[in-house]
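Step one of this worksheet: look at the structure below.
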Amino acid sequence: MGQEDDGGRMPEDLEAVLEAAEEAEQAEKGRYDAPPLPPALILGVVGLLCGFATIALVWLSERSCERFRDTTNCGALGLPLLVLIVVVTMVLGGLALSRLAMPHPKLIPFLGVAFMVALVIAFLTGHLDSPWILAVVPALTAITFLLADLVARLLERADA
């Protein structure tokens, strides 16, 4: 007779159980509840982190080659190592953006890292030994992530 008195509404304890189940389902998906942040800020920070990850992975590969070959030149392994570094950076960026529930979590890191690599190869190849490159590559990656988001939104509009 309780449901007839409530006008067909669910009991309050059942609503709480359903809300808890929904929160558990969201936690299983790997998304976190957080205050809403501007998408540009999220993309910039993830871009910075991807830039630092790229620098760290390149540094580690150079140290590994130096340890095993007694030179920072990796020889024939250099190109496969760089491709692996680019792929790992793209995957890390995609994981971060998907965890933060950003749209296009795979396209933006792909384009952002690809744009960064293209710009580094085109304009910064002779300056890769400079200490200021530690700041330039992450900043450049943050900018290219924002540019990649713009390209992704333009592609989405073109599909509509």
Side-chain angles (χ1 to χ4, degrees), residues 18-68 72-160:
L18 290 175
E19 287 178 14
E22 185 176 311
E23 289 176 5
E25 184 178 317
Q26 283 183 342
E28 287 177 16
K29 290 181 182 176
R31 295 191 179 175
Y32 302 105
D33 289 335
L37 296 173
L41 177 66
I42 293 172
L43 290 170
V45 169
V46 171
L48 277 173
L49 293 175
C50 285
F52 283 123
T54 302
I55 289 174
L57 291 171
V58 167
W59 183 81
L60 285 172
S61 69
E62 286 179 352
R63 297 294 87 55
S64 298
C65 290
E66 185 177 354
R67 182 176 175 117
F68 294 112
T72 57
N73 183 356
C74 293
L77 292 176
L79 183 61
L81 273 173
L82 285 176
V83 170
L84 180 66
I85 289 168
V86 168
V87 169
V88 167
T89 304
M90 288 176 184
V91 168
L92 290 175
L95 286 173
L97 290 179
S98 66
R99 290 280 186 162
L100 294 169
M102 291 294 294
H104 314 293
K106 294 177 184 169
L107 178 63
I108 292 173
F110 175 78
L111 292 175
V113 173
F115 292 162
M116 179 270 298
V117 169
L119 290 172
V120 166
I121 289 172
F123 299 110
L124 300 175
T125 302
H127 306 286
L128 294 176
D129 293 337
S130 299
W132 55 268
I133 206 76
L134 296 173
V136 170
V137 169
L140 183 63
T141 309
I143 293 168
T144 58
F145 266 57
L146 294 170
L147 181 65
D149 180 53
L150 176 67
V151 169
R153 284 188 281 136
L154 290 173
L155 289 172
E156 188 176 50
R157 280 190 206 154
D159 283 344

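Just so it is clear, the values below take in all heavy atoms, side chains as well, and ignore hydrogens, waters and symmetry mates.
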Nearest-0.5 Å distance that lies between atom [atom1] in [X] and atom [atom2] in [Y]:
| X | Y | atom1 | atom2 | result |
| --- | --- | --- | --- | --- |
| Lys106 | Leu111 | NZ | CG | 14.0 Å |
| Ile133 | Ile55 | CD1 | CD1 | 7.0 Å |
| Leu49 | Phe145 | CG | CZ | 9.5 Å |
| Asp149 | Leu107 | CG | CG | 9.5 Å |
| Leu82 | Ser61 | CG | OG | 6.5 Å |
| Leu100 | Leu37 | CG | CG | 8.0 Å |

Might you point out which heavy atoms bring [X] and [Y] nearest each other, and give the distance in Å?
| X | Y | answer |
| --- | --- | --- |
| Leu146 | Ala40 | CD2-O, 3.5 Å |
| Ala148 | Ile108 | CB-O, 3.6 Å |
| Cys50 | Gly93 | SG-CA, 3.5 Å |
| Thr141 | Gly51 | OG1-CA, 3.6 Å |
| Pro109 | His104 | CD-O, 4.2 Å |
| Val137 | Met116 | CG1-SD, 4.1 Å |

(message) If we check side-chain contact (heavy atoms from CB on, under 4.5 Å) with Ile85, which of these qualifies: Leu60, Val117, Val58?
(response)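 So, applying the side-chain contact (heavy atoms from CB on, under 4.5 Å) to Ile85 and each of Leu60, Val117, Val58, only Val58 qualifies.
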Taking side chain as C-beta onward, heavy atoms only, is [X] less than 4.5 Å from [Y]?
| X | Y | result |
| --- | --- | --- |
| Ile143 | Leu147 | no |
| Leu77 | Cys65 | no |
| Leu84 | Leu57 | no |

(message) With a sphere of 6.0 Å drawn around CZ of Phe115, does it hold more than 12 non-hydrogen atoms of other residues, nucleotides or ligands?
(response)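 Correct, the count exceeds 12.
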Would you mind writing out the side-chain donor-acceptor pairs for residues 41-48 within the sub-3.5 Å range, not counting sequence neighbours?
none

(request) Return the set of residues passing side chain to side chain donor-acceptor pair (under 3.5 Å) with Thr89 (not counting sequence neighbours), or none when no residue passes. (result)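 Checked Thr89 against side chain to side chain donor-acceptor pair (under 3.5 Å); matches are Thr54.
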(message) Salt bridge or not between Arg153 and Glu156? Use side-chain N to carboxylate O under 4.0 Å.
(response)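 Result for this pair is no, no salt bridge flagged.
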